[in-house]
Participant: 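One structure, as structure tokens, below. Some questions next.
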Amino acid sequence: MFNFKGRMIIGLLFIMLSTNATASDGLFDITVTALKGSIGSEWNSIKNTSRYTIYYKVTVSNNSKAPLTPGKENQLCFYLDDDNGHTLLAHSVQVDFLKPYQPGESRDGMIYFASINPKLLILPFVKLAMGKQCSMLLKQK
């Protein structure tokens, strides 16, 4: 009897410990540090359209004790925000940001934003949306 119960408890503990938490669970302590880089413009000769562009050098740190594994069900989205409801999704993100993070791991890279709206230049915060929050931002796009 003890052998069976003991095995069940050990098995349940193993499953609980080996399961990766998802970002949407709210279990992650993530820090995004951003330094505004170059401001510029982009013009396309075929469409004859112009856009404002800006690059940020970004460090993403997983301060959590659990690994963070981005994927289809657990998307990561970087966006600019002014804390007043104005947001803009990143146009391009360095691929390393989208790979799994181990606990305590940090990564540096570049994020590129582009928009026809000049407000792009005054949105001060680079933020990270995860899971359901990311899905909602993608729907607004």
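These figures come from a predicted structure and were not determined experimentally. Just so it is clear, the values below take in all heavy atoms, side chains as well, and ignore hydrogens, waters and symmetry mates.
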Participant: Output the distance between atom OG1 (Thr31) and atom CG (Leu128), rounded to the nearest 0.5 Å.
Facilitator: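 Result: 10.5 Å between the selected atoms.
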Participant: Kindly indicate, with the supporting measurements, whether the criterion side chain to side chain contact (heavy atoms under 4.5 Å, CB included) is fulfilled by Thr87 and Leu80.
Facilitator: CA-CA 5 Å; Thr87 60; Leu80 287 175; over 6 Å; no
Participant: Please enumerate all residues that pass side chain to side chain contact (heavy atoms under 4.5 Å, CB included) together with Leu121, with sequence neighbours excluded.
Facilitator: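 In terms of side chain to side chain contact (heavy atoms under 4.5 Å, CB included), with neighbours along the sequence ignored, Leu121 is linked to Ile39, Tyr52.
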Participant: Run the numbers on Asp81 and Leu88 for side chain to side chain contact (heavy atoms under 4.5 Å, CB included), then give the verdict.
Facilitator: CA-CA 7 Å; Asp81 183 68; Leu88 177 70; over 6 Å; no
Participant: Is Pro67 close to Pro103 at the side-chain level, that is, under 4.5 Å between some pair of heavy atoms?
Facilitator: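 The answer is yes, as the side chains (C-beta and beyond) meet within the 4.5 Å cut-off.
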Participant: Find out whether Ser41 and Arg51 are in side-chain contact, i.e. whether some heavy atom of one side chain is under 4.5 Å from a heavy atom of the other.
Facilitator: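 Ser41 vs Arg51: side chains apart.
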Participant: Check side chain to side chain donor-acceptor pair (under 3.5 Å) between Asn84 and all other residues, then give those that pass, not counting sequence neighbours.
Facilitator: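 Residues passing side chain to side chain donor-acceptor pair (under 3.5 Å) with Asn84: none at all.
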Participant: Who are the ring pair (Phe, Tyr, Trp, His ring centres under 6.0 Å) partners of Tyr101, not counting sequence neighbours?
Facilitator: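 So Tyr101 forms no ring pair (Phe, Tyr, Trp, His ring centres under 6.0 Å) with any residue.
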Participant: Could you walk me through whether Cys77 and Leu89 satisfy the side chain to side chain contact (heavy atoms under 4.5 Å, CB included) test, starting with their C-alpha distance in whole Å, then the side-chain angles of each, then the deciding distance to 0.1 Å, before giving a yes or no?
Facilitator: CA-CA 7 Å; Cys77 298; Leu89 278 173; 4.0 Å; yes
Participant: Output every pair passing salt bridge (Lys or Arg N to Asp or Glu O under 4.0 Å) with a member in residues 114-125, not counting sequence neighbours, ordered by first then second residue.
Facilitator: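 Passing the test, one end in residues 114-125: no pairs.
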Participant: Show, in sequence, the C-alpha distance, side-chain angles and deciding distance for Ile30 and Asn62, and conclude whether the side chain to side chain contact (heavy atoms under 4.5 Å, CB included) test is met.
Facilitator: CA-CA 5 Å; Ile30 304 292; Asn62 179 9; 3.9 Å; yes
Participant: Once side chain to side chain contact (heavy atoms under 4.5 Å, CB included) is applied, do any residues pair with Ser106, and if so which ones, sequence neighbours excluded?
Facilitator: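 For Ser106, the residues satisfying side chain to side chain contact (heavy atoms under 4.5 Å, CB included) (neighbours in sequence not counted) are Thr59, Ser61.
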Participant: Please enumerate all residues that pass side chain to side chain donor-acceptor pair (under 3.5 Å) together with Asn44, with sequence neighbours excluded.
Facilitator: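 Asn44: no side chain to side chain donor-acceptor pair (under 3.5 Å) contacts found.
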Participant: Does anything in residues 92-126 pair up under disulfide (SG to SG under 2.5 Å), and if so which pairs, sequence neighbours excluded?
Facilitator: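 For residues 92-126, and leaving out neighbouring residues, there are no disulfide (SG to SG under 2.5 Å) pairs at all.
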Participant: Which residue pairs satisfy the ring pair (Phe, Tyr, Trp, His ring centres under 6.0 Å) criterion with at least one member in residues 63-87, sequence neighbours excluded?
Facilitator: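 Found Phe78-Phe97.
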Participant: Does anything in residues 84-95 pair up under salt bridge (Lys or Arg N to Asp or Glu O under 4.0 Å), and if so which pairs, sequence neighbours excluded?
Facilitator: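 Counting only pairs at least two positions apart or across chains, no salt bridge (Lys or Arg N to Asp or Glu O under 4.0 Å) contact touches residues 84-95.
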Participant: Suppose the criterion is salt bridge (Lys or Arg N to Asp or Glu O under 4.0 Å): which pairs have a residue in residues 88-116, not counting sequence neighbours?
Facilitator: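 Listed once each, the pairs are Asp96-Lys99, Glu105-Arg107.
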Participant: Give, for atom OG of Ser115 and atom CD of Glu42, the distance between the pair rounded to the nearest 0.5 Å.
Facilitator: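 Going from the OG atom of Ser115 to the CD atom of Glu42 covers 11.0 Å.
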Participant: Of all the heavy-atom pairs spanning Ser64 and Phe28, show the shortest one and how long it is.
Facilitator: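 Smallest heavy-atom distance, with atoms named: OG-CA, 3.0 Å.
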Participant: Under the salt bridge (charged side-chain N to carboxylate O under 4.0 Å, His left out) rule, what do Asp82 and Lys127 come out as? Steps first, then yes or no, please.
Facilitator: CA-CA 10 Å; Asp82 68 356; Lys127 295 184 178 181; over 6 Å; no
Participant: Applying side chain to side chain donor-acceptor pair (under 3.5 Å), can you list everything that pairs with Lys57, at least two apart in sequence or on another chain?
Facilitator: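 For Lys57 there are no side chain to side chain donor-acceptor pair (under 3.5 Å) partners, ignoring immediate neighbours.
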Participant: Which hydrophobic side chains are connected to Met110, either touching it within the sub-4.5 Å cutoff or through other members that do?
Facilitator: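 Met110 shares its hydrophobic cluster with Tyr55, Tyr112.
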